[in-house]
Amino acid sequence: MIKESVIGLSAIAAGRTRYVRAVAAMSQLAALYAAGTLGDKKASHRRGAEVLSSLCRRNGGFWVKAAQFFSCRPDVLPREYIEAFQQLQNDAQPVPFAAISRVLSRAWGRDWRDQFVWVQEQPTAAASIAQVHRARLKDGQEVAIKVRLPKVKRLFEQDARVFRALSVLAAPRFQEFDLRQAIEQLLAMTAIELDFRNEAANMQRFARQQHHPRILIPELLPSLSNERILVTSWEGETRLRDYLDENRDKAADLLGVLLTSYLQQVTRFGVYQADPHPGNFLVNEDGQVVILDFGAIGILTPDEVRRYSRLLYGLMGFEGKVDIGELFVQAGFKGGSPETLKALALYVLTDQLRHQGPVAAMGDLMERFREERISIPDSYIGISRVLITLGGFLMNYDVPFDWTPPEQRKAVAPAETMES
(Lines give C-alpha, C1' and ligand atoms only; values in the text may rest on other atoms or scores of the structure.)
Protein backbone atom coordinates (compact mmCIF):
# COMPACT_ATOMS: atom_id res chain seq x y z
CA MET A 1 0.00 0.00 0.00
CA ILE A 2 2.79 2.43 0.92
CA LYS A 3 4.64 1.60 -2.31
CA GLU A 4 1.55 2.33 -4.41
CA SER A 5 1.13 5.68 -2.71
CA VAL A 6 4.75 6.68 -3.24
CA ILE A 7 4.71 5.69 -6.92
CA GLY A 8 1.53 7.62 -7.52
CA LEU A 9 2.54 10.71 -5.64
CA SER A 10 5.87 10.80 -7.51
CA ALA A 11 3.80 11.88 -10.52
CA ILE A 12 3.15 15.20 -8.81
CA ALA A 13 6.33 16.65 -10.28
CA ALA A 14 5.17 15.71 -13.78
CA GLY A 15 1.57 16.84 -13.27
CA ARG A 16 2.44 20.02 -11.40
CA THR A 17 -0.36 22.14 -10.04
CA ARG A 18 -3.32 19.77 -10.38
CA TYR A 19 -1.61 17.10 -8.34
CA VAL A 20 -0.61 19.53 -5.60
CA ARG A 21 -4.29 20.49 -5.42
CA ALA A 22 -5.23 16.80 -5.15
CA VAL A 23 -2.91 16.16 -2.20
CA ALA A 24 -4.19 19.27 -0.44
CA ALA A 25 -7.81 18.20 -1.02
CA MET A 26 -7.17 14.69 0.31
CA SER A 27 -5.50 16.12 3.41
CA GLN A 28 -8.51 18.37 3.93
CA LEU A 29 -10.82 15.40 3.43
CA ALA A 30 -8.92 13.26 5.93
CA ALA A 31 -9.04 16.01 8.55
CA LEU A 32 -12.74 16.57 7.88
CA TYR A 33 -13.70 12.95 8.50
CA ALA A 34 -11.37 12.63 11.47
CA ALA A 35 -13.05 15.62 13.10
CA GLY A 36 -16.53 14.39 12.24
CA THR A 37 -16.17 10.80 13.43
CA LEU A 38 -18.53 11.32 16.35
CA GLY A 39 -20.70 13.93 14.67
CA ASP A 40 -23.13 14.17 11.79
CA LYS A 41 -21.99 11.79 9.05
CA LYS A 42 -24.22 13.41 6.42
CA ALA A 43 -22.72 16.81 7.19
CA SER A 44 -19.23 15.33 6.73
CA HIS A 45 -20.30 13.83 3.41
CA ARG A 46 -21.71 17.17 2.23
CA ARG A 47 -18.54 19.04 3.06
CA GLY A 48 -16.38 16.28 1.59
CA ALA A 49 -18.41 16.40 -1.62
CA GLU A 50 -17.82 20.16 -1.85
CA VAL A 51 -14.08 19.65 -1.47
CA LEU A 52 -13.86 16.98 -4.18
CA SER A 53 -16.22 18.80 -6.57
CA SER A 54 -14.08 21.92 -6.32
CA LEU A 55 -10.93 19.87 -6.96
CA CYS A 56 -12.36 18.19 -10.07
CA ARG A 57 -13.73 21.45 -11.44
CA ARG A 58 -10.37 23.21 -11.10
CA ASN A 59 -8.33 20.30 -12.47
CA GLY A 60 -10.71 19.70 -15.38
CA GLY A 61 -10.22 17.03 -18.06
CA PHE A 62 -10.12 13.50 -16.69
CA TRP A 63 -10.96 14.76 -13.20
CA VAL A 64 -14.35 16.02 -14.37
CA LYS A 65 -14.86 12.76 -16.27
CA ALA A 66 -14.20 10.90 -13.02
CA ALA A 67 -16.76 12.99 -11.15
CA GLN A 68 -19.33 12.37 -13.87
CA PHE A 69 -18.64 8.64 -13.67
CA PHE A 70 -19.19 8.55 -9.92
CA SER A 71 -22.27 10.78 -10.12
CA CYS A 72 -24.13 7.72 -11.46
CA ARG A 73 -22.84 5.30 -8.84
CA PRO A 74 -25.16 5.30 -5.81
CA ASP A 75 -23.78 1.83 -5.10
CA VAL A 76 -20.39 3.44 -4.41
CA LEU A 77 -20.87 6.95 -3.04
CA PRO A 78 -23.25 8.47 -0.50
CA ARG A 79 -26.07 10.61 -1.86
CA GLU A 80 -24.30 13.86 -0.92
CA TYR A 81 -21.44 13.10 -3.34
CA ILE A 82 -23.83 11.99 -6.08
CA GLU A 83 -25.76 15.26 -5.94
CA ALA A 84 -22.61 17.41 -5.91
CA PHE A 85 -20.94 15.56 -8.81
CA GLN A 86 -24.08 15.76 -10.95
CA GLN A 87 -23.57 19.53 -11.14
CA LEU A 88 -20.20 19.22 -12.90
CA GLN A 89 -20.05 19.68 -16.67
CA ASN A 90 -17.08 19.08 -18.92
CA ASP A 91 -16.66 22.46 -20.63
CA ALA A 92 -13.39 21.72 -22.42
CA GLN A 93 -11.51 24.45 -24.24
CA PRO A 94 -10.78 23.50 -27.87
CA VAL A 95 -7.21 22.83 -28.94
CA PRO A 96 -5.89 25.11 -31.73
CA PHE A 97 -6.21 23.50 -35.16
CA ALA A 98 -2.46 23.75 -35.76
CA ALA A 99 -1.96 21.05 -33.11
CA ILE A 100 -4.79 18.95 -34.58
CA SER A 101 -3.27 19.30 -38.05
CA ARG A 102 0.00 17.79 -36.78
CA VAL A 103 -1.91 14.73 -35.53
CA LEU A 104 -3.57 14.37 -38.94
CA SER A 105 -0.23 14.76 -40.73
CA ARG A 106 1.34 11.97 -38.69
CA ALA A 107 -1.60 9.70 -39.46
CA TRP A 108 -2.36 10.56 -43.10
CA GLY A 109 0.82 12.22 -44.37
CA ARG A 110 1.67 15.86 -45.04
CA ASP A 111 -0.64 16.04 -48.03
CA TRP A 112 -3.67 14.91 -46.01
CA ARG A 113 -5.69 17.96 -47.12
CA ASP A 114 -5.69 16.63 -50.69
CA GLN A 115 -8.37 14.13 -49.65
CA PHE A 116 -10.79 16.92 -48.72
CA VAL A 117 -12.66 19.74 -50.43
CA TRP A 118 -12.61 21.61 -47.12
CA VAL A 119 -12.08 21.04 -43.39
CA GLN A 120 -13.76 23.23 -40.80
CA GLU A 121 -10.98 24.27 -38.42
CA GLN A 122 -13.35 25.42 -35.68
CA PRO A 123 -14.42 22.23 -33.84
CA THR A 124 -18.10 21.36 -33.63
CA ALA A 125 -17.54 19.64 -30.27
CA ALA A 126 -14.73 19.56 -27.72
CA ALA A 127 -14.32 17.29 -24.70
CA SER A 128 -11.58 16.10 -22.36
CA ILE A 129 -10.30 13.36 -24.70
CA ALA A 130 -11.05 14.53 -28.23
CA GLN A 131 -12.61 17.18 -30.44
CA VAL A 132 -14.62 16.89 -33.64
CA HIS A 133 -14.22 18.74 -36.96
CA ARG A 134 -16.60 18.77 -39.90
CA ALA A 135 -15.18 18.15 -43.39
CA ARG A 136 -16.10 17.21 -46.95
CA LEU A 137 -14.28 14.51 -48.88
CA LYS A 138 -13.38 14.85 -52.56
CA ASP A 139 -16.23 12.44 -53.42
CA GLY A 140 -18.70 14.91 -51.86
CA GLN A 141 -19.43 13.02 -48.64
CA GLU A 142 -19.51 15.14 -45.49
CA VAL A 143 -17.76 13.55 -42.53
CA ALA A 144 -17.02 14.09 -38.85
CA ILE A 145 -13.34 13.81 -37.90
CA LYS A 146 -12.87 12.95 -34.25
CA VAL A 147 -9.25 13.54 -33.17
CA ARG A 148 -7.65 12.48 -29.90
CA LEU A 149 -6.09 15.53 -28.32
CA PRO A 150 -2.30 15.82 -28.26
CA LYS A 151 -0.70 14.73 -24.96
CA VAL A 152 -4.03 13.47 -23.56
CA LYS A 153 -2.75 9.89 -23.24
CA ARG A 154 0.37 10.95 -21.34
CA LEU A 155 -1.69 13.19 -19.05
CA PHE A 156 -4.12 10.34 -18.40
CA GLU A 157 -1.25 8.02 -17.46
CA GLN A 158 -0.04 10.61 -14.95
CA ASP A 159 -3.55 11.05 -13.59
CA ALA A 160 -4.05 7.29 -13.32
CA ARG A 161 -1.01 6.91 -11.07
CA VAL A 162 -2.22 9.70 -8.82
CA PHE A 163 -5.80 8.37 -8.70
CA ARG A 164 -4.52 4.96 -7.61
CA ALA A 165 -2.37 6.53 -4.92
CA LEU A 166 -5.16 8.74 -3.64
CA SER A 167 -7.58 5.80 -3.57
CA VAL A 168 -5.16 3.93 -1.32
CA LEU A 169 -4.97 6.89 1.04
CA ALA A 170 -8.71 7.56 1.00
CA ALA A 171 -10.02 3.98 1.16
CA PRO A 172 -9.94 3.72 4.98
CA ARG A 173 -12.25 6.74 5.18
CA PHE A 174 -14.86 5.11 2.92
CA GLN A 175 -15.36 1.69 4.42
CA GLU A 176 -18.91 1.27 3.09
CA PHE A 177 -17.64 0.56 -0.44
CA ASP A 178 -14.55 -0.57 -2.37
CA LEU A 179 -13.20 2.76 -3.61
CA ARG A 180 -10.09 1.21 -5.13
CA GLN A 181 -12.11 -1.24 -7.23
CA ALA A 182 -14.39 1.53 -8.50
CA ILE A 183 -11.41 3.69 -9.52
CA GLU A 184 -9.83 0.75 -11.34
CA GLN A 185 -13.08 0.34 -13.30
CA LEU A 186 -13.00 4.02 -14.26
CA LEU A 187 -9.34 3.88 -15.31
CA ALA A 188 -9.86 0.73 -17.37
CA MET A 189 -12.86 2.25 -19.12
CA THR A 190 -10.97 5.46 -19.94
CA ALA A 191 -7.89 3.58 -21.20
CA ILE A 192 -10.11 1.70 -23.66
CA GLU A 193 -11.76 4.95 -24.81
CA LEU A 194 -8.36 6.48 -25.60
CA ASP A 195 -7.78 3.95 -28.39
CA PHE A 196 -10.25 4.84 -31.13
CA ARG A 197 -9.79 1.42 -32.73
CA ASN A 198 -11.89 0.11 -29.85
CA GLU A 199 -14.57 2.67 -30.54
CA ALA A 200 -14.57 1.75 -34.24
CA ALA A 201 -15.13 -1.92 -33.38
CA ASN A 202 -17.83 -0.98 -30.86
CA MET A 203 -19.63 1.18 -33.41
CA GLN A 204 -19.67 -1.60 -35.98
CA ARG A 205 -20.94 -4.13 -33.46
CA PHE A 206 -23.63 -1.76 -32.25
CA ALA A 207 -24.72 -0.85 -35.78
CA ARG A 208 -25.32 -4.52 -36.65
CA GLN A 209 -28.26 -4.72 -34.23
CA GLN A 210 -31.84 -4.34 -35.46
CA HIS A 211 -32.47 -0.88 -34.00
CA HIS A 212 -35.67 1.11 -33.75
CA PRO A 213 -36.35 2.69 -37.19
CA ARG A 214 -35.91 6.17 -35.76
CA ILE A 215 -32.48 5.44 -34.28
CA LEU A 216 -29.49 6.28 -36.48
CA ILE A 217 -25.83 5.29 -35.98
CA PRO A 218 -23.23 7.17 -38.06
CA GLU A 219 -21.39 5.19 -40.73
CA LEU A 220 -17.74 4.41 -39.95
CA LEU A 221 -15.04 5.13 -42.56
CA PRO A 222 -12.45 2.48 -41.60
CA SER A 223 -9.84 3.53 -44.18
CA LEU A 224 -9.43 6.93 -42.50
CA SER A 225 -9.70 5.74 -38.88
CA ASN A 226 -6.94 4.58 -36.54
CA GLU A 227 -5.87 4.71 -32.89
CA ARG A 228 -6.02 8.54 -32.72
CA ILE A 229 -8.61 9.38 -35.38
CA LEU A 230 -12.19 8.26 -35.96
CA VAL A 231 -13.95 9.34 -39.15
CA THR A 232 -17.69 8.84 -39.60
CA SER A 233 -20.50 10.16 -41.75
CA TRP A 234 -21.66 13.66 -40.80
CA GLU A 235 -25.17 13.46 -39.32
CA GLY A 236 -25.67 17.10 -38.38
CA GLU A 237 -24.94 19.12 -35.26
CA THR A 238 -28.36 19.77 -33.74
CA ARG A 239 -27.97 18.51 -30.21
CA LEU A 240 -31.06 16.76 -28.90
CA ARG A 241 -31.01 18.86 -25.74
CA ASP A 242 -30.78 22.12 -27.70
CA TYR A 243 -33.62 21.03 -29.96
CA LEU A 244 -35.85 20.07 -27.03
CA ASP A 245 -35.11 23.31 -25.21
CA GLU A 246 -36.71 25.11 -28.16
CA ASN A 247 -39.36 22.46 -28.90
CA ARG A 248 -40.50 21.03 -25.59
CA ASP A 249 -43.67 19.73 -27.22
CA LYS A 250 -41.47 17.21 -29.09
CA ALA A 251 -39.87 15.87 -25.90
CA ALA A 252 -42.30 12.99 -25.27
CA ASP A 253 -41.95 11.78 -28.86
CA LEU A 254 -38.15 11.97 -29.22
CA LEU A 255 -37.28 10.84 -25.70
CA GLY A 256 -39.79 8.02 -26.05
CA VAL A 257 -37.84 6.81 -29.08
CA LEU A 258 -34.58 7.07 -27.15
CA LEU A 259 -35.95 5.25 -24.10
CA THR A 260 -37.40 2.46 -26.25
CA SER A 261 -34.01 2.06 -27.90
CA TYR A 262 -32.14 1.75 -24.61
CA LEU A 263 -34.58 -0.78 -23.20
CA GLN A 264 -34.14 -2.73 -26.41
CA GLN A 265 -30.35 -2.49 -26.20
CA VAL A 266 -30.22 -3.72 -22.61
CA THR A 267 -33.02 -6.29 -22.47
CA ARG A 268 -32.90 -7.68 -26.01
CA PHE A 269 -29.59 -7.02 -27.79
CA GLY A 270 -27.21 -7.35 -24.85
CA VAL A 271 -25.17 -4.54 -26.44
CA TYR A 272 -25.73 -0.98 -25.24
CA GLN A 273 -24.11 2.43 -25.56
CA ALA A 274 -22.78 2.94 -22.04
CA ASP A 275 -22.39 6.73 -21.91
CA PRO A 276 -25.86 8.22 -22.52
CA HIS A 277 -25.20 11.79 -21.43
CA PRO A 278 -27.20 14.41 -23.41
CA GLY A 279 -24.24 15.55 -25.50
CA ASN A 280 -24.11 12.17 -27.22
CA PHE A 281 -27.47 12.54 -28.97
CA LEU A 282 -28.45 14.54 -32.05
CA VAL A 283 -31.78 14.94 -33.84
CA ASN A 284 -31.90 15.10 -37.63
CA GLU A 285 -34.41 16.62 -40.03
CA ASP A 286 -36.16 13.25 -40.44
CA GLY A 287 -37.05 13.05 -36.77
CA GLN A 288 -34.40 10.41 -36.02
CA VAL A 289 -32.28 10.34 -32.89
CA VAL A 290 -28.59 9.98 -33.74
CA ILE A 291 -26.48 8.17 -31.13
CA LEU A 292 -22.82 9.22 -30.90
CA ASP A 293 -19.73 8.11 -28.98
CA PHE A 294 -19.11 4.39 -28.67
CA GLY A 295 -15.91 4.58 -26.67
CA ALA A 296 -17.72 2.63 -23.96
CA ILE A 297 -20.35 -0.01 -24.67
CA GLY A 298 -21.83 -2.62 -22.39
CA ILE A 299 -21.76 -6.27 -23.42
CA LEU A 300 -24.04 -8.83 -21.77
CA THR A 301 -24.07 -12.59 -22.23
CA PRO A 302 -27.36 -14.15 -23.37
CA ASP A 303 -27.84 -15.46 -19.83
CA GLU A 304 -27.29 -12.00 -18.34
CA VAL A 305 -29.79 -10.50 -20.79
CA ARG A 306 -32.38 -13.04 -19.70
CA ARG A 307 -31.75 -12.64 -15.96
CA TYR A 308 -31.54 -8.85 -15.95
CA SER A 309 -34.61 -8.51 -18.16
CA ARG A 310 -36.59 -10.65 -15.75
CA LEU A 311 -35.29 -8.64 -12.79
CA LEU A 312 -35.97 -5.19 -14.28
CA TYR A 313 -39.40 -6.07 -15.62
CA GLY A 314 -40.21 -8.07 -12.51
CA LEU A 315 -39.53 -5.01 -10.36
CA MET A 316 -41.88 -3.00 -12.57
CA GLY A 317 -44.66 -5.62 -12.60
CA PHE A 318 -44.34 -6.93 -16.17
CA GLU A 319 -43.35 -10.49 -15.19
CA GLY A 320 -46.55 -11.37 -13.37
CA LYS A 321 -46.28 -12.99 -9.95
CA VAL A 322 -42.57 -13.56 -9.28
CA ASP A 323 -40.29 -13.84 -6.27
CA ILE A 324 -38.32 -10.58 -6.41
CA GLY A 325 -35.74 -11.76 -3.90
CA GLU A 326 -35.01 -14.89 -5.91
CA LEU A 327 -34.66 -12.82 -9.09
CA PHE A 328 -31.95 -10.76 -7.37
CA VAL A 329 -30.11 -13.93 -6.36
CA GLN A 330 -30.36 -15.36 -9.88
CA ALA A 331 -28.99 -12.07 -11.24
CA GLY A 332 -25.82 -12.49 -9.14
CA PHE A 333 -26.46 -10.24 -6.11
CA LYS A 334 -24.58 -11.56 -3.09
CA GLY A 335 -24.41 -10.83 0.61
CA GLY A 336 -28.04 -11.13 1.54
CA SER A 337 -30.70 -13.80 1.63
CA PRO A 338 -33.54 -13.73 -0.93
CA GLU A 339 -35.84 -12.59 1.89
CA THR A 340 -33.55 -9.67 2.76
CA LEU A 341 -33.19 -8.60 -0.88
CA LYS A 342 -36.94 -8.79 -1.42
CA ALA A 343 -37.66 -6.82 1.76
CA LEU A 344 -35.21 -4.05 0.77
CA ALA A 345 -36.58 -3.86 -2.77
CA LEU A 346 -40.20 -3.70 -1.69
CA TYR A 347 -39.42 -1.20 1.08
CA VAL A 348 -37.72 1.22 -1.31
CA LEU A 349 -39.81 0.73 -4.43
CA THR A 350 -43.26 0.81 -2.87
CA ASP A 351 -42.39 3.96 -0.94
CA GLN A 352 -40.43 5.84 -3.60
CA LEU A 353 -42.17 4.92 -6.86
CA ARG A 354 -45.09 7.20 -6.08
CA HIS A 355 -42.92 10.20 -5.26
CA GLN A 356 -39.73 9.92 -7.32
CA GLY A 357 -40.47 7.54 -10.18
CA PRO A 358 -38.84 4.19 -10.95
CA VAL A 359 -35.40 5.45 -11.94
CA ALA A 360 -34.85 7.48 -8.77
CA ALA A 361 -36.20 4.54 -6.80
CA MET A 362 -33.63 2.28 -8.46
CA GLY A 363 -30.89 4.65 -7.37
CA ASP A 364 -32.20 4.61 -3.81
CA LEU A 365 -32.34 0.82 -3.90
CA MET A 366 -28.71 0.57 -4.96
CA GLU A 367 -27.78 2.98 -2.17
CA ARG A 368 -29.54 0.72 0.33
CA PHE A 369 -27.68 -2.27 -1.03
CA ARG A 370 -24.40 -0.40 -0.53
CA GLU A 371 -25.31 0.42 3.06
CA GLU A 372 -26.20 -3.24 3.70
CA ARG A 373 -22.91 -4.36 2.06
CA ILE A 374 -24.71 -6.39 -0.61
CA SER A 375 -22.44 -7.10 -3.58
CA ILE A 376 -23.87 -5.90 -6.91
CA PRO A 377 -22.69 -7.52 -10.20
CA ASP A 378 -20.52 -5.19 -12.28
CA SER A 379 -22.69 -5.67 -15.37
CA TYR A 380 -25.81 -4.68 -13.43
CA ILE A 381 -24.01 -1.57 -12.17
CA GLY A 382 -23.38 -0.59 -15.79
CA ILE A 383 -27.05 -1.04 -16.68
CA SER A 384 -28.22 0.94 -13.67
CA ARG A 385 -25.78 3.75 -14.41
CA VAL A 386 -27.21 4.03 -17.93
CA LEU A 387 -30.84 3.94 -16.82
CA ILE A 388 -30.30 6.43 -14.00
CA THR A 389 -28.51 8.85 -16.37
CA LEU A 390 -31.20 8.46 -19.01
CA GLY A 391 -33.91 8.87 -16.39
CA GLY A 392 -32.44 12.18 -15.31
CA PHE A 393 -32.52 13.37 -18.91
CA LEU A 394 -36.21 12.46 -19.18
CA MET A 395 -37.01 14.20 -15.89
CA ASN A 396 -35.57 17.46 -17.23
CA TYR A 397 -38.39 17.52 -19.79
CA ASP A 398 -41.13 16.04 -17.60
CA VAL A 399 -41.28 12.84 -19.67
CA PRO A 400 -42.25 9.75 -17.62
CA PHE A 401 -40.00 6.69 -17.68
CA ASP A 402 -42.16 4.09 -19.42
CA TRP A 403 -40.92 0.56 -18.67
CA THR A 404 -43.12 -1.13 -21.28
CA PRO A 405 -41.03 -3.92 -22.91
CA PRO A 406 -39.84 -3.04 -26.46
CA GLU A 407 -41.85 -5.75 -28.20
CA GLN A 408 -45.06 -4.39 -26.67
CA ARG A 409 -44.45 -0.93 -28.11
CA LYS A 410 -45.47 0.27 -31.55
CA ALA A 411 -42.94 1.93 -33.82
CA VAL A 412 -44.11 5.53 -33.98
CA ALA A 413 -43.35 7.74 -36.97
CA PRO A 414 -42.36 11.35 -36.26
CA ALA A 415 -45.34 13.64 -35.90
CA GLU A 416 -43.89 15.95 -38.51
CA THR A 417 -40.60 16.53 -40.29
CA MET A 418 -38.00 18.12 -38.02
CA GLU A 419 -36.28 21.31 -38.98
CA SER A 420 -32.52 21.11 -38.95
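In this structure Asp323 satisfies the side-chain hydrogen bond (donor to acceptor under 3.5 Å, both in side chains) test with no other residue, sequence neighbours excluded. In this structure, Phe69 has no ring pair (Phe, Tyr, Trp, His ring centres under 6.0 Å) partners at least two apart in sequence or on a different chain. Every residue was checked against the ring pair (Phe, Tyr, Trp, His ring centres under 6.0 Å) condition with Phe70, not counting sequence neighbours, and none meets it. With sequence neighbours left out, the ring pair (Phe, Tyr, Trp, His ring centres under 6.0 Å) criterion links Phe206 to His211, Phe294.
Between the CD atom in Gln28 and the CZ atom in Arg21 there is a gap of 13.5 Å [rounded to 0.5 Å]. The distance from atom CD1 of Ile229 to atom CH2 of Trp112, rounded to the nearest 0.5 Å, is 9.0 Å. Rounding to the nearest 0.5 angstrom, the gap separating the CD atom in Glu157 from the OG1 atom in Thr190 is 12.5 Å. Between atom OG1 of residue Thr389 and atom NE2 of residue His277 there is a gap of 10.0 Å, rounded to the nearest 0.5 Å. Distance CD1/Ile129 to CG/Leu155: 11.5 Å, rounded to 0.5 Å.
No side-chain heavy atom of Glu319 sits under 4.5 Å from any side-chain heavy atom of Ser309. By the 4.5 Å heavy-atom criterion applied to side chains, Leu240 and Val283 are counted as neighbours. Between Leu254 and Val257, every side-chain heavy-atom pair lies at or beyond the 4.5 Å cut-off. Put simply, the side chain of Ser384 does not reach to within 4.5 Å of the side chain of Ile376, judged on heavy atoms. The shortest distance between side-chain heavy atoms of Ile217 and Met203 falls below 4.5 Å. For the pair Val271 and Ile299, the minimum side-chain heavy-atom distance is below 4.5 Å. Residues Leu186 and Phe62 are in side-chain contact: their nearest non-hydrogen atoms beyond the backbone lie under 4.5 Å apart. Taking the side chain as every heavy atom from C-beta outward, Leu341 and Ile324 never approach each other to under 4.5 Å.
Under the 4.0 Å criterion applied to side-chain N and carboxylate O atoms, Lys153 and Glu227 are assigned as salt-bridge partners.
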Next on the checklist: Assess the residue pair Asp402 and Thr404 against the criterion (side-chain hydrogen bond (donor to acceptor under 3.5 Å, both in side chains)); give the C-alpha distance rounded to whole Å, side-chain angles, the decisive distance to 0.1 Å, and a yes or no.
Outcome noted: CA-CA 6 Å; Asp402 181 1; Thr404 304; 2.6 Å; yes
Checklist entry - Should Leu220 and Gln204 be marked as a side chain to side chain contact (heavy atoms under 4.5 Å, CB included) after you check the CA-CA gap, both sets of side-chain angles, and the distance that decides it? => result CA-CA 7 Å; Leu220 176 72; Gln204 290 175 312; 3.7 Å; yes
Next on the checklist: Show, in sequence, the C-alpha distance, side-chain angles and deciding distance for Glu304 and Ser379, and conclude whether the side-chain hydrogen bond (donor to acceptor under 3.5 Å, both in side chains) test is met.
Outcome noted: CA-CA 8 Å; Glu304 286 175 330; Ser379 50; 3.3 Å; yes
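Listed for the Gln209 side chain is a donor-acceptor partner under 3.5 Å among the backbone atoms of Arg205. Formation of a donor-acceptor pair under 3.5 Å by the Arg241 side chain with backbone atoms of Gly279 is not found in this model. Counting only distance, with no hydrogens or angles, the side chain of Trp118 and the backbone of Arg136 share no donor-acceptor pair below 3.5 Å. Under a 3.5 Å cut-off, the side chain of Ser233 and the backbone N or O of Glu219 do form a donor-acceptor pair. Checking side-chain atoms of Asn280 against main-chain N and O of Asp275 turns up a donor-acceptor pair under 3.5 Å. Using modelled atom types, no side-chain atom of Thr260 and backbone atom of Pro406 make a donor-acceptor pair closer than 3.5 Å. Using a distance-only test at 3.5 Å, with no hydrogens or angles considered, no donor-acceptor pair links the side chain of Ser101 to the main chain of Phe97. A side-chain donor-acceptor contact under 3.5 Å links Arg307 to the backbone of Gln330. A side-chain donor-acceptor contact under 3.5 Å links Asn247 to the backbone of Tyr243. When atom types are taken as modelled, the side chain of Gln273 and the backbone of Leu292 share a donor-acceptor pair closer than 3.5 angstrom.
Smallest separation of non-hydrogen atoms from Val95 and Gln131: N-OE1, 2.8 Å.
The aromatic rings of Phe163 and Trp63 sit tilted relative to each other, their planes meeting at an angle between 30° and 60°. Using the six-membered ring where Trp is involved, Tyr397 and Phe393 have ring planes that are perpendicular, over 60° apart on the 30 and 60° scheme.
Listed by first then second residue, pairs satisfying salt bridge (Lys or Arg N to Asp or Glu O under 4.0 Å) with a partner in residues 181-193 read Lys65-Glu193, Arg164-Glu184, not counting sequence neighbours. Judged as a ring-ring contact (aromatic ring centres under 6.0 Å, His included), not a single pair has a partner in residues 213-242 (not counting sequence neighbours).
Asn59 and Tyr19 form no side-chain donor-acceptor contact under 3.5 Å, judged by distance and modelled atom types alone. Under the 3.5 Å distance criterion, with hydrogens and angles disregarded, no donor-acceptor pair is assigned to the side chains of Ser54 and Glu50.
Taking the ring centroids of Tyr380 and Tyr308, they lie under the 6.0 Å cut-off. Here Phe369 and Phe328 bring their ring centres to under 6.0 angstrom of each other.
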